[in-house]
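Whatever order the structure lists them in is the order used to number ligands and atoms, beginning at 1. Keep in mind that what you see is a predicted model, and the values were worked out from it rather than measured.
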Amino acid sequence: MATFDYDLGIIGGGAAGLTAAAGGAQFGAKTLLIEKSEKLGGDCLHYGCVPSKTLIRTAGIWAVARRAREFGLPDLTLPPVDLGTVMDRVHSVIDKIQQHDSYERFCSIGTEVRFGQPTFVDDHVVELDGTGVSARSWIVATGSSPAVPPVKGLADVPFWTNETVWSQRTFPSRLLVLGGGPIGLELAQAFHRLGSRVTVVEFMDQILGPEDPDIAELLRGRLESEGLKILSSTKAVKAESSGSTIRLTVAPASGGAETQVIEADALLVATGRKPNVAAWGSRRLGLHIRPEVSPLICA
Ligand SMILES: Cc1cc2nc3c(=O)[nH]c(=O)nc-3n(C[C@H](O)[C@H](O)[C@H](O)COP(=O)(O)OP(=O)(O)OC[C@H]3O[C@@H](n4cnc5c(N)ncnc54)[C@H](O)[C@@H]3O)c2cc1C
């Protein structure tokens, strides 16, 4: 019978990989977790759920403070928000939760953790730092990254994604959000509540992508009543910047000729996700991955 270094190998130390690693180790499997970045936790901890829910909480408090009079309190004159201080808090929350997703914690529950970027050599062996590591079974949990649409000029414009927004320190008076899905909308609402004038540009007729139309309509009404501007059925055709101003030319998604130019101080691109499949050697295993579908399709 073939022998392997590990019963279970996991590539990717995000929410999925960590859950699998904890489960594997606790069921007594000899488990190896390999993560390419310096810290465990993946998108959820560093660029997703945790920072966004922290920002939403901060923005929610600011929005309630603005409504002080409704609660029988004197009107409050709120000063401008210092984005650097807001982001410092976001990072302090990440740091706190990092202890639960740490190298030390996972080692203490019996998972071996290594940092690096492995490549499959065959079905059971990956190469890591120049040596082969084998496992009876592997789980690939390498997650996804922001997908940036092929809009003319966009590559030359400084834009944010869910990975870079958390390191911003200058508050944008005007924020343009490309993409009316959950990531774009939650950040749009948070920045609006903190004081930005926010415009969301969405290609589809409804926001929230394939979500139930009634829910999408309800949310849209709510966001618009708060003051967000949402341009649906609208596509971005050209991006430019001069000085600190970003200009996005948009047109009807249906193909109509009339365009308008929206100016902003910052642009957040939240137009979907692409799977992280290039680095670990999916081709060598004979896998073709259709990014628009995500599930693995064997060749
Ligand atoms: C702004 C935002 C808000 C979100 N809010 C929520 C929320 O409120 N609730 C919720 O349930 N979900 C939320 N999500 C979604 C959630 O973050 C993801 O569903 C979750 O992170 C997916 O986990 P994962 O383990 O599949 O991938 P990831 O978290 O992306 O983890 C993948 C890991 O694999 C590593 N990796 C990648 N390639 C390699 C490689 N070649 N070798 C080794 N390691 C590699 C990466 O560095 C990363 O650590 C949000 C996402 C975003 C962007």
task = Mind checking the OG1-NZ spacing from Thr249 to Lys235? Nearest 0.5 Å is all I need.
result = 12.5 Å
Among [options], whose heavy atom sits nearest [atom]?
atom: atom 33 (C) of ligand 1; options: Glu35, Glu186, His46, Lys53; result: Glu35
atom: atom 39 (C) of ligand 1; options: Thr142, Leu55, Val50; result: Thr142
atom: atom 32 (C) of ligand 1; options: Gly184, Pro182, Ala141; result: Ala141
atom: atom 29 (O) of ligand 1; options: Ile10, Asp43, Leu40, Leu187; result: Asp43

Any protein heavy atom at under 4.0 Å, with [atom] as the reference point?
atom: atom 22 (C) of ligand 1; answer: no
atom: atom 11 (O) of ligand 1; answer: no
atom: atom 19 (O) of ligand 1; answer: no

task = Inspect the surroundings of NZ in Lys53 and state if more than 12 heavy atoms from other residues, nucleotides or ligands are less than 6.0 Å away.
result = yes
message = Tell me if the CZ atom of Phe4 is crowded by more than 12 foreign heavy atoms within 6.0 Å.
response = yes
task = Would you check, one step at a time, whether the test side chain to side chain contact (heavy atoms under 4.5 Å, CB included) holds for Val200 with Leu228?
result = CA-CA 8 Å; Val200 178; Leu228 261 89; 4.0 Å; yes
query = Regarding Gln168 and Thr170, is there a side-chain donor-to-acceptor distance under 3.5 Å anywhere?
reply = no
message = Side chains of Ser52 and Glu186 only: does a donor on one sit below 3.5 Å from an acceptor on the other?
response = yes
Show which atoms of ligand 1 fall inside a sub-4.0 Å distance from at least one heavy-atom site of [X].
X: Cys49; answer: 3 (C), 4 (C), 5 (N), 6 (C), 7 (C), 8 (O), 9 (N), 10 (C), 12 (N), 13 (C), 14 (N), 16 (C), 17 (O), 50 (C)
X: Ala279; answer: 41 (N)
X: Gly14; answer: 25 (O), 29 (O), 31 (O), 33 (C), 49 (O)
X: Pro118; answer: 42 (N), 43 (C)
X: Ile11; answer: 42 (N), 43 (C)
X: Gly12; answer: 33 (C), 34 (O), 35 (C), 44 (N)
X: Gly42; answer: 29 (O), 31 (O), 48 (C), 49 (O)

What is the closest protein heavy atom to [atom], and at what distance does it sit?
atom: atom 44 (N) of ligand 1; answer: Lys36 N, 3.2 Å
atom: atom 52 (C) of ligand 1; answer: Gly48 CA, 3.4 Å
atom: atom 27 (O) of ligand 1; answer: Gly143 CA, 3.3 Å
atom: atom 25 (O) of ligand 1; answer: Ala16 N, 2.8 Å

ask   = Per the side-chain hydrogen bond (donor to acceptor under 3.5 Å, both in side chains) rule, which among Gln98, His91, Lys39, Glu163 passes with His46?
value = Gln98
inquiry  = Using the rule side chain to side chain contact (heavy atoms under 4.5 Å, CB included), only one of Val148, Leu176, Ile246 pairs with Phe159; which is it?
reply    = Val148
request  = Please determine which of Ser232, Ser233, Pro213 meets the side chain to side chain contact (heavy atoms under 4.5 Å, CB included) test together with Gln206.
outcome  = Pro213
ask   = How about Tyr6 and Trp138: are their ring centres within less than 6.0 Å of each other?
value = no
key: Beyond-backbone contact of Leu78 with Arg66, side-chain heavy atoms, under 4.5 angstrom   = yes
inquiry  = Using a 4.0 Å heavy-atom cut-off, which part of Cys44 comes near ligand 1: side chain, backbone, both, or neither?
reply    = both
key: Which segment of Asn162 sits under 4.0 Å of ligand 1 when only heavy atoms are counted   = side chain
query = Same cluster or not: are Leu18 and Ile97 linked, directly or through other Ile, Leu, Val, Met, Phe, Trp or Tyr residues, by side-chain heavy atoms under 4.5 angstrom apart?
reply = no
task = Decide whether Ile207 and Val250 are clustered together by the hydrophobic rule: side chain heavy atoms of Ile, Leu, Val, Met, Phe, Trp, Tyr closer than 4.5 Å, transitively.
result = no
ask   = Would you say Tyr47 has any N or O atom under 3.5 Å from an N or O of ligand 1, going by distance alone?
value = no
